[in-house]
There are 2 protein chains.
Amino acid sequence: MTVVADKSTREQIVDAADQLFYKRGFEATSFADIAKVVNISRGNFYHHFKTKDEILDAVIAARVGQTRGMLAQWEACGPDPMSRIRSFIHILVANQALIMRHGCPVGTLSTELAKLDHPSLKQASGLFTLFRVWLRKQFALLGRKADADALAMHLLARSQGVAVLANAFHDKSFVKQEVRQLCEWLESCAPKPAASNR
Amino acid sequence: MTVVADKSTREQIVDAADQLFYKRGFEATSFADIAKVVNISRGNFYHHFKTKDEILDAVIAARVGQTRGMLAQWEACGPDPMSRIRSFIHILVANQALIMRHGCPVGTLSTELAKLDHPSLKQASGLFTLFRVWLRKQFALLGRKADADALAMHLLARSQGVAVLANAFHDKSFVKQEVRQLCEWLESCAPKPAASNR
DNA sequence: GTCTATAGATTGATAGAC
DNA sequence: GTCTATCAATCTATAGAC
């Protein structure tokens, strides 16, 4: 809780692990890799984290914090639910270069942990839940209370699909095209005031 | 090229590696794991494959062959392009249990190889291309020649998104719901004969 | 809190007997 | 074509000096 300019070694480790887990994957990242980035010895490592899984949990916790902050900011800055949901869709554009190289940090971590049958999979997919709950709220505010959760899951799935294919094909124009379609779809989600109910 | 009842050791290795790469991932699978399944010694291994990457290439080649066969079968059995595309969509239902546990074999392999910066990523994403080209053809036959490729990519992305979230959440009803929506979307893709052009 | 040294297991890969 | 024995490297993790 001390406010200092330099990050603590622990924070540096979590930051480095966060990036390496994203870029190379959890299992492919060794203590040696992280230690090299932070510039500490491997032995020193175990003073801060007893196991590799503990680092993973710390990384996930850090990402949860960052995500909460981002969602809160969208909530604060977006004037209406429609534009807030648009903020979500536009991560695909803002992070396009990273997504094309390494995929979505949430989706790829979940996928990897599922394959490893890792106990932290639940915590990792909790990141999805964060977005899911937030989107659900926005869709409800948009007047789609009844199917808000289905719409949230639908949008999450669409985003994940775009990320997977963008990563596999390295296709920039595909992302642009799909984002435009997603925005059109979003517009169509608002219930028309004086129109048929279907 | 001999026709025998028993599979050759090489074929057994590829089969075992195929399954393990899918269930656990490429990097998390060791020679020892594969050797245990096939019931050979690790040393014997290198008589058939010089490196782990060679096995990966053989696995991808095998998957390409299987996929080609599946697409040809859909082509032969489906009476019209619409029902053929439906065959594609319904893999999500047919392989639901496996997808919920291990994700899509095509998507997860591409994702992993992208993170490892592995030279075989291109070959792995070639599996996506196989589906892409096939779907493109079906959409063209459906009368959507102009945007056939965009529709193919769109459908691929939607499927991948469903697979990623089904894997992360282990949600069966979500898959069902999205598949129904995909089928409705597919129906809407057919150009109406006597209707407006938009 | 950071270091060196090292344990113990596993990794991908090789050599050579049968 | 299959085996055993083994290599060198790397991995996670520990012990103990400073």
Asks: Mind checking A:F31 for me? I need base, sugar-phosphate or nothing, with any heavy atom below 4.0 Å counting as a touch.
Replies: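 Sugar-phosphate, no base atom in range.
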Asks: Taking any atom under 4.0 angstrom from a heavy atom of chain A, which nucleotides of DNA chain C are the first and last to qualify, 5' to 3'?
Replies: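 So the contact region on DNA chain C extends C:dG1 to C:dT6.
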Asks: Determine whether the aromatic ring centres of A:F174 and A:F169 lie less than 6.0 Å apart.
Replies: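 Ring centres of A:F169 and A:F174 not closer than 6.0 Å.
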Asks: So is A:K52 actually on top of A:F45's ring, under 6.0 Å and inside 45° of the axis?
Replies: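 Pair A:K52/A:F45 does not count as cation-pi.
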Asks: Assess whether a salt bridge exists between B:R24 and B:D33, defined as any Lys/Arg side-chain N lying under 4.0 Å from an Asp/Glu carboxylate O.
Replies: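 Counted as a salt bridge, because a side-chain N and a carboxylate O are separated by less than 4.0 Å.
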Asks: Starting from the 5' end of DNA chain D, give me the residue, A:Y46 or B:H48, whose nearest nucleotide shows up first.
Replies: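 The residue whose closest nucleotide sits nearer the 5' end is B:H48.
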Asks: Measure all distances between protein nitrogen or oxygen atoms and nitrogen or oxygen atoms of nucleotides 4-6 of chain D, and list the pairs falling under 3.5 Å.
Replies:
| unit_1 | atom_1 | unit_2 | atom_2 | d |
| --- | --- | --- | --- | --- |
| D:dT6 | O4 | B:R42 | NH2 | 3.3 |

Asks: Compile the donor-acceptor pairs under 3.5 Å between side chains in residues 90-109 of chain B and protein atoms, sequence neighbours left out, one pair per line.
Replies:
| unit_1 | atom_1 | unit_2 | atom_2 | d |
| --- | --- | --- | --- | --- |
| B:H90 | ND1 | B:R86 | O | 3.0 |
| B:T108 | OG1 | A:K115 | NZ | 3.2 |
| B:T108 | OG1 | B:C104 | O | 2.7 |

Asks: Considering all heavy atoms of both residues, which atom of A:E27 and which atom of B:A28 are nearest to each other, and what is their separation?
Replies: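 What the structure gives for the nearest pair is OE1-CB, 3.3 Å.
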Asks: Rounded to the nearest angstrom, tell me the gap between atom NE2 in A:H118 and atom P in D:dT12.
Replies: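 Going from A:H118 (NE2) to D:dT12 (P), I get 12 Å.
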Asks: Under a 4.5 Å side-chain heavy-atom rule over Ile, Leu, Val, Met, Phe, Trp and Tyr, are B:Y46 and B:V38 clustered together?
Replies: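 Yes; tracing contacts between hydrophobic side chains, which count when under 4.5 Å, links both residues.
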Asks: Examine A:L56 and A:L130 and state if one hydrophobic cluster contains both, with Ile, Leu, Val, Met, Phe, Trp and Tyr joined whenever side-chain heavy atoms are less than 4.5 Å apart.
Replies: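 A:L56 clusters together with A:L130.
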Asks: Is it the case that the side chain of B:T129 and the backbone of B:R132 share a donor-acceptor pair, with hydrogens and angles ignored and the cut-off at 3.5 Å?
Replies: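 Not at all, since once roles are kept as given, no pair shorter than 3.5 Å links the two residues.
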